[in-house]
J.: 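Dumping the structure here so I can ask a few things about it.
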Amino acid sequence: LGASQGGIRALGLAAESSRVKAAWFAVAGGNFPSVYATSTVKKITILRQNHMAKLGLTDFEAYESYLRSNLKNDPLYSCEKIKVPFVQIIALKDDKVPTSTQIELKEACPSHKVIELDAGHVKGASTIYFYRSKILDFFKEQI
C-alpha cells in the first residue's frame, strides 16, 4: 500500500517480491523521464534545474530525451511483472505525478482495478486514508 513515491515503492515490491499477495497504490506514475522533466514538485524542480545545469541543457525536451537514454529502472517495466491482484488510483488533474504518467502506468500493467478521480495529487494520495475501509476489504478478500 502506498501513495505517490510510496505507491511507486509498493508497485516495485509487488513486482519483485513473492511475499506480496496484493497491492494498492495511489497516484503512482511510470515513465520517470517524463515525470522528472515535467513534475512541479519543488524538490524535483530543484533536482531538474541542477541536473540540467550540470549537463549543459536548457531545453526540457532534451533533458527528457537524455533521461530516456540513461535511466534503466522505471515502474513501466516493473509493472508488467506483477502477478497479484492490485488497485491503482489515478488523479485526473495531477501535476505532481502528471496524470499522463499514471495513465501510461495503467496501460503497462496487467489487468487490474483502476479508480479514476477528478482530483489533483494531494486528494488522490489522501485516498489511502479516506478509502481505508475499502482498502481493508480489498486486502481481506486476498487472504
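This is a predicted model, so every value here is computed, not measured. All residue numbers refer to positions in the sequence shown, counting from 1. Both backbone and side-chain heavy atoms feed into the values below; hydrogens, waters and symmetry mates do not.
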J.: For the atom pair CD1 (I8) and CG (N73), what is the distance rounded to the nearest 0.5 Å?
T.: 12.0 Å

J.: Drop me the distance from T101's OG1 to L76's CG, to the nearest 0.5 angstrom.
T.: 8.5 Å

J.: Restricting to side chain to side chain donor-acceptor pair (under 3.5 Å), what partner residues turn up for K96, sequence neighbours left out?
T.: T40

J.: Using a 6.0 Å cut-off, check whether atom OH of Y36 has over 12 heavy atoms from anything other than its own residue.
T.: no

J.: Under 6.0 Å from the NZ atom of K106, do we count more than 12 heavy atoms belonging to anything else shown?
T.: yes

J.: Looking only at non-hydrogen atoms, find the nearest pair between T127 and I89 and report the distance.
T.: OG1-CG1, 3.8 Å

J.: Does atom CD of Q5 have more than 12 heavy-atom neighbours from other groups under 6.0 Å away?
T.: no

J.: Find out whether L55 and Y66 are in side-chain contact, i.e. whether some heavy atom of one side chain is under 4.5 Å from a heavy atom of the other.
T.: yes

J.: Is there a side-chain contact between H112 and V87 in this structure, where contact means two heavy atoms from C-beta onward sitting under 4.5 Å apart?
T.: no

J.: I need the H51 NE2 to L67 CG distance, nearest 0.5 Å.
T.: 6.5 Å

J.: Aromatic contact between W24 and F86, with the criterion being ring centroids under 6.0 Å apart: yes or no?
T.: no

J.: Would you please name every residue forming a side chain to side chain donor-acceptor pair (under 3.5 Å) with E16, sequence neighbours left out?
T.: K81

J.: Under the salt bridge (Lys or Arg N to Asp or Glu O under 4.0 Å) definition, can you give me all pairs with a residue in residues 39-61, not counting sequence neighbours?
T.: none

J.: Please say whether the positively charged group of R132, taken as NZ for Lys or CZ for Arg, lies over the ring of Y129, i.e. under 6.0 angstrom from the six-membered ring centre and within 45 degrees of the axis.
T.: yes

